[in-house]
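For reference, the structure discussed in these notes is given below.
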Amino acid sequence: MIGERKTTSYITIYLCLRCSLFKQSAAIDKDFLKILNSGQNIIIAGDLNAAHRTWSNARSNAFGYALRKLVNNKSNVRIVAPHTPTHINASSRLGARDSIIHLAVLKNIPFNHDIRVIDDLESDHLPVILTLYTGSALIKIPDQLSTNWENFKFLLNNKSLPIPPSSSNDDLEIAIRRLGENISEALIEASKPKFIQTPLKLSSEIKAKIRHRNRIRKFWQRTRDPAVKSEFRTLSREVTKDIRHFFQSRWESHIAALTPETGTLRRKISLFKKPLQNIPPLKGALGSVANHPLEKTEVIADSLQKQFEPNTEAENDRFTARTQRKIKRFLDAPTCLDLEKTTPGEV
């Protein structure tokens with residue numbers, strides 16, 4: 001399904017995961033590349049069944065490796081993926097994991113974006129909403145991105161400098177707009193998010209209290225007044241309590257919104273039932289192998305009990321006498337009291 005709006009193509013695709021490895025490779029190397037080269041500005045989105053560690057998957061598959069290799073060879077193409085799973089694996093077998101396989105591939109789309117997963121459908125494939133902020137081509141939240149400026153310089157040097165054919169206002173505006181797009185594209189390509197998940201925004205009341213606490217702390221660092229220090233500690237405890245209450249309220253609201261009708265309650269319960277980490281089998285003291293969580297717990301408990309047993313061996317007189325001599329020699333050594341005092345500048 002291809003839709004056109006001005007010079008941007010919107011394409012929705014689905015890649016079959018049950019195809020053979022030869023067809024999988026051909027789907028990425030030939031068909032997907034053909035679609036990607038079909039226009040100048042393209043947005044490709046859908047169920048790509050492409051899992052890779054780059055976009056926060058526990059494992060990578062053939063589609064993920066091929067897609068990442070293809071995108072890395074294109075300087076003007078980038079992958080946009082959410083930070084939370086888009087496919088819920090309801091299987092209870094060992095090693096079953098949720099995955100992020102619903103992606104978007106943007107070609108020459110230098111806009112800010114927001115991509116998020118919602119729980120509105122009673123399905124194991126969750127809906128994904130991609131929002132492009134076309135009003136500004138620059139990144140709105142630079143504090144959440146880490147930019148490699150050497151890479152930014154290299155990417156910008158490889159882009160052609162837009163020279164207007166004439167000095168007319170229209171040609172100058174087109175050249176300036178293209179120059180801004182080149183800078184935005186190079187900045188986006190040379191940047192990566194600092195956080196796996198976007199930090200939650202605190203309320204304005206908590207932010208104001210944090211700023212007031214920081215001002216009190218700076219004032220105490222200059223004056224060392226005990227009364228100011230007491231006020232700073234009181235504010236710190238209040239801020240910690242307010243933040244804890246804020247996150248607790250968010251969590252309670254999230255739990256209260258789960259309902260059996262929408263399927264969100266079932267998916268949340270399945271997440272809690274799954275092991276948080278796949279611990280490999282442990283080897284016991286007598287050579288036995290522990291696979292079950294209870295068996296692994298017993299092996300760890302036995303190991304800790306053996307490590308922290310009291311030393312019941314006979315005392316070594318030679319070792320004890322040597323240790324006592326060294327301690328006495330250290331205590332009898334003269335202490336140097338002529339030490340240079342620390343200056344306030346060093347502190």
Side-chain angles (χ1 to χ4, degrees), residues 1 9-38 42-91 93-109 113-118 121 123-130 132 145-146 148 151 155 185 188-198 267 270-271 274-278 280:
M1 180 177 64
S9 300
Y10 305 89
I11 305 173
T12 303
I13 66 173
Y14 167 73
L15 296 180
C16 178
L17 187 62
R18 293 181 174 83
C19 300
S20 63
L21 292 177
F22 175 77
K23 291 183 178 180
Q24 289 181 6
S25 178
I28 294 292
D29 296 339
K30 295 181 180 179
D31 299 337
F32 192 91
L33 185 60
K34 184 177 180 180
I35 296 175
L36 195 62
N37 294 332
S38 62
I42 296 179
I43 299 177
I44 302 175
D47 185 358
L48 305 185
N49 275 313
H52 199 274
R53 296 179 184 271
T54 304
W55 44 91
S56 305
N57 280 288
R59 295 178 180 176
S60 304
N61 58 13
F63 276 169
Y65 283 118
L67 182 61
R68 184 173 182 271
K69 180 180 178 181
L70 185 146
V71 171
N72 287 343
N73 295 331
K74 298 283 187 178
S75 59
N76 56 347
V77 180
R78 57 194 173 106
I79 298 175
V80 175
H83 300 297
T84 56
T86 63
H87 175 252
I88 304 299
N89 196 331
S91 176
R93 61 182 176 84
L94 185 63
R97 294 180 175 89
D98 302 335
S99 56
I100 302 175
I101 56 177
H102 299 74
L103 313 170
V105 180
L106 309 183
K107 178 182 177 182
N108 290 328
I109 307 295
H113 69 273
D114 177 48
I115 185 168
R116 57 190 177 92
V117 182
I118 57 176
L121 295 182
S123 171
D124 55 347
H125 290 265
L126 303 181
V128 181
I129 296 180
L130 173 63
L132 295 177
L145 295 175
S146 175
N148 186 337
N151 191 20
L155 293 172
E185 293 173 3
I188 293 174
E189 294 171 14
S191 303
K192 62 180 181 180
K194 291 182 182 178
F195 311 101
I196 298 178
Q197 295 183 356
T198 305
R267 286 193 290 269
S270 65
L271 289 177
K274 290 184 179 180
L276 298 179
Q277 187 176 5
N278 185 19

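In this structure, I13 and I35 have side chains that are in contact, with non-hydrogen atoms separated by less than 4.5 Å. Between L48 and Y14, every side-chain heavy-atom pair lies at or beyond the 4.5 Å cut-off. You'll find the side chain of I42 stays beyond 4.5 Å of the side chain of N108, heavy atoms only. Under the 4.5 Å side-chain criterion, counting only non-hydrogen atoms from C-beta, L132 is in contact with I43. At least one side-chain heavy atom of L67 sits less than 4.5 Å from a side-chain heavy atom of I79.
Once rounded to the nearest 0.5 Å, the distance linking CG of L103 with CG of L106 reads 10.5 Å. How far CG of D124 is from NE2 of H87: 4.0 Å, rounded to the nearest 0.5 Å. With values rounded to the nearest 0.5 angstrom, L15 atom CG is found 9.0 Å from D31 atom CG. Note that OG of S38 is 10.0 Å distant from CG of L33, once rounded to the nearest 0.5 Å.
N151 is linked by a side-chain hydrogen bond (donor to acceptor under 3.5 Å, both in side chains) to nothing, counting only residues two or more places apart in sequence or in another chain. The side-chain hydrogen bond (donor to acceptor under 3.5 Å, both in side chains) test applied to S60 returns no partner, not counting sequence neighbours. Here T86 pairs with P82, I100, I101, H102, V117, V128 under the side-chain contact (heavy atoms from CB on, under 4.5 Å) rule; sequence neighbours left out.
Between the N57 side chain and the A51 main chain, no donor and acceptor come within less than 3.5 Å of each other. The backbone N or O of N49 lies less than 3.5 Å from a partner atom in the side chain of N61, making a donor-acceptor pair. Side-chain N or O atoms of K107 include one that pairs as donor or acceptor with a backbone N or O of L36 at under 3.5 Å. Panel note: side chain R116, backbone H83; no donor-acceptor pair is recorded below 3.5 Å. Panel note: side chain R68, backbone H52; no donor-acceptor pair is recorded below 3.5 Å.
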**Request:** Give the intermediate values and the outcome of side chain to side chain contact (heavy atoms under 4.5 Å, CB included) for residues V105 and V77.
**Result:** CA-CA 7 Å; V105 180; V77 180; 3.5 Å; yes

**Prompt:** Are V80 and L130 close enough, and set up right, to give a side chain to side chain contact (heavy atoms under 4.5 Å, CB included), and what steps lead you there?
**Reply:** CA-CA 9 Å; V80 175; L130 173 63; 4.0 Å; yes

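Summarising the geometry of A81 relative to W55, their closest heavy-atom pair is CB-CB, 3.7 Å, with the distance given to 0.1 Å.
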